[in-house]
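Take a look at the structure below.
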Amino acid sequence: MLRITLLIVLLSLSCIDARAQQNPLWDQAKVRNYLPHMTSPEVSDLLTRTDMVIIPVASLEQHGLHLPIGTDYLNGLERAKLIAQRTDVLVAPIMMPGQSPYHMEFAGSITLSSETIQAVYVEAIQSLIRHGFKRFLILNAHGGNRAITTFIVDRINQETAGIAVDLGAASAPFREGTSIPPNQVFDRHGGVGETSNSLYLMPTLVDMDAAETATLTLPPHLEAMLPDVVAGDETALRVFLAEGLKATETGKGTSSADMSSTGVWGVRDLEESTADQGRQVTEDLVQAAVRFIERWNELRPMGSGEQ
């Protein structure tokens, strides 16, 4: 009995010692088809089943008082990882920052030029093409990157052996929608929609105790457009976004600090945010993306078109 007790004590001490040798902050489990977690042989094995890559294009920018600066990066990455659990496709994040000059009055925001962003993504994709990947699904996770995403897709198609699509636009016809009622008030950057997505995708990083409904101070002509924007008038929205949220240097007076007391661009009560809303939106996006990928594989099976 004494020998058994001593053995148990020794095993317990060895376990404690093993834990003491590990990084106490490490909490990640290995995720399937996620490039940073994979070995080179695992990538080679994946290449026997798919030539597709999802690449999130995101940002590092302020998201009010309650959401982290990495909100766009993390939400985009988590969606890409969820898609890759449903169908074989490589998830390859390239970098965190994007184009966010209109948030630079808030500490921690980082912005890069359009030229730099395009160059980094195109060069990274050329590396993946060299390894045998052929098709690229560019997942824009930040509204300010919309034009840049279009250029990246076009440059891949025009300048490389790869084939690229904007995943948001490509999967749109496959979306079924959610039961979430349409907004009745202005709700965009850092608002209820983005907060709900974050409560589902990265709940431990959302601080609802710090959430505060913003006070907006828009130029009078933009304020006058708001009812039409909220009502879904596409022309009003296009004109509104052409001028709203622009860098201080443009002189338009529409940076996030110019227009919002907290950095949130919206007036909806943040307490209306729920993880269930985020789940519905995420599941709709993921399902639509998977359906598009399956359809693309039907239209162009892996290996077709090879010279």
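Positions are given from 1, in the same order as the sequence printed here.
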Kindly compute the distance separating [atom1] ([X]) from [atom2] ([Y]), expressed to the nearest 0.5 Å.
{"X": "Thr178", "Y": "Gln277", "atom1": "OG1", "atom2": "CD", "answer": "8.5 Å"}
{"X": "Gln126", "Y": "Thr160", "atom1": "CD", "atom2": "OG1", "answer": "6.5 Å"}
{"X": "Leu47", "Y": "Lys134", "atom1": "CG", "atom2": "NZ", "answer": "13.0 Å"}
{"X": "Leu74", "Y": "Ile69", "atom1": "CG", "atom2": "CD1", "answer": "11.5 Å"}
{"X": "Glu176", "Y": "Asp284", "atom1": "CD", "atom2": "CG", "answer": "7.0 Å"}
{"X": "Ile152", "Y": "Asn145", "atom1": "CD1", "atom2": "CG", "answer": "7.5 Å"}

Looking only at non-hydrogen atoms, find the nearest pair between [X] and [Y] and report the distance.
{"X": "Ser171", "Y": "Ala288", "result": "O-CB, 3.5 Å"}
{"X": "Leu270", "Y": "Ala211", "result": "CD1-CB, 3.9 Å"}
{"X": "Glu243", "Y": "Thr254", "result": "O-OG1, 2.7 Å"}
{"X": "Gln280", "Y": "Ser179", "result": "OE1-OG, 2.8 Å"}
{"X": "Ile54", "Y": "Ala80", "result": "CG2-CB, 3.7 Å"}
{"X": "Thr213", "Y": "Val267", "result": "CG2-O, 3.5 Å"}

Is there side-chain contact between [X] and [Y], with at least one heavy-atom pair below 4.5 Å?
{"X": "Val290", "Y": "Gln287", "value": "no"}
{"X": "Asp276", "Y": "Tyr200", "value": "no"}
{"X": "Arg300", "Y": "Asp51", "value": "yes"}
{"X": "Ile138", "Y": "Ile156", "value": "yes"}
{"X": "Ile94", "Y": "Val120", "value": "yes"}
{"X": "Glu212", "Y": "Val264", "value": "no"}
{"X": "Pro93", "Y": "Tyr73", "value": "yes"}
{"X": "Trp296", "Y": "Ile163", "value": "yes"}

Looking at [X] and [Y], would you say the former's side chain and the latter's main chain have a donor-acceptor pair under 3.5 Å?
{"X": "Arg79", "Y": "Leu139", "answer": "no"}
{"X": "Gln85", "Y": "Arg32", "answer": "yes"}
{"X": "Thr39", "Y": "Glu42", "answer": "yes"}
{"X": "Arg295", "Y": "Leu299", "answer": "no"}
{"X": "Lys246", "Y": "Pro101", "answer": "no"}
{"X": "Asn157", "Y": "Val153", "answer": "yes"}
{"X": "Ser59", "Y": "His142", "answer": "no"}
{"X": "His63", "Y": "Glu61", "answer": "yes"}
{"X": "Thr195", "Y": "Ser273", "answer": "no"}
{"X": "Ser198", "Y": "Glu194", "answer": "yes"}

[Y] reachable from [X] in the ILVMFWY side-chain graph, under 4.5 Å edges:
{"X": "Ile125", "Y": "Val53", "answer": "yes"}
{"X": "Leu218", "Y": "Val229", "answer": "yes"}
{"X": "Met52", "Y": "Tyr34", "answer": "no"}
{"X": "Tyr121", "Y": "Leu128", "answer": "yes"}
{"X": "Val89", "Y": "Phe136", "answer": "no"}

Let's go through His189 and Ser256 carefully: what are the C-alpha distance in whole Å and the side-chain angles of both, what is the deciding distance for side chain to side chain donor-acceptor pair (under 3.5 Å) to 0.1 Å, and is it a yes or a no? CA-CA 9 Å; His189 175 79; Ser256 56; over 6 Å; no

Chi angles and distances behind the side chain to side chain donor-acceptor pair (under 3.5 Å) call for Gln28, His37: CA-CA 10 Å; Gln28 292 191 40; His37 287 183; 2.7 Å; yes

Please check if atom CE in Met96 has more than 12 non-hydrogen atoms from other residues, nucleotides or ligands closer than 6.0 Å.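 Counting other residues, nucleotides and ligands, CE of Met96 stays at 12 neighbours or fewer.
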
If you count the non-hydrogen atoms of other residues, nucleotides and ligands that lie under 6.0 Å from CZ in Phe151, is the total more than 12?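 Not buried by this count: 12 neighbours or fewer within 6.0 Å.
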
Leu90 and Thr50: CA distance, side-chain angles, deciding distance, side chain to side chain contact (heavy atoms under 4.5 Å, CB included) verdict: CA-CA 8 Å; Leu90 181 71; Thr50 186; 5.7 Å; no

Check the pair Arg238, Glu234 against salt bridge (charged side-chain N to carboxylate O under 4.0 Å, His left out), reporting the backbone distance first and the verdict last. CA-CA 6 Å; Arg238 186 176 297 274; Glu234 289 294 332; 5.6 Å; no

Report yes if the distance between the aromatic ring centroids of Phe240 and Trp265 is under 6.0 Å, otherwise no.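 Yes, the ring centres sit under 6.0 Å apart.
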
Assess the side chains of Asn297 and Arg135: does a donor N or O sit below 3.5 Å from an acceptor N or O?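 A donor-acceptor contact under 3.5 Å links the two side chains.
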
Check the pair Arg146 / Gln99 against side chain to side chain contact (heavy atoms under 4.5 Å, CB included), numbers first and verdict last. CA-CA 10 Å; Arg146 190 172 292 111; Gln99 191 171 50; over 6 Å; no

Given Ile293 and Leu137, is the side chain to side chain contact (heavy atoms under 4.5 Å, CB included) satisfied, shown in steps? CA-CA 9 Å; Ile293 290 168; Leu137 305 122; 4.0 Å; yes

Can you check side chain to side chain contact (heavy atoms under 4.5 Å, CB included) on Lys81 and Asn33, steps first, answer last? CA-CA 8 Å; Lys81 286 156 64 176; Asn33 294 344; over 6 Å; no

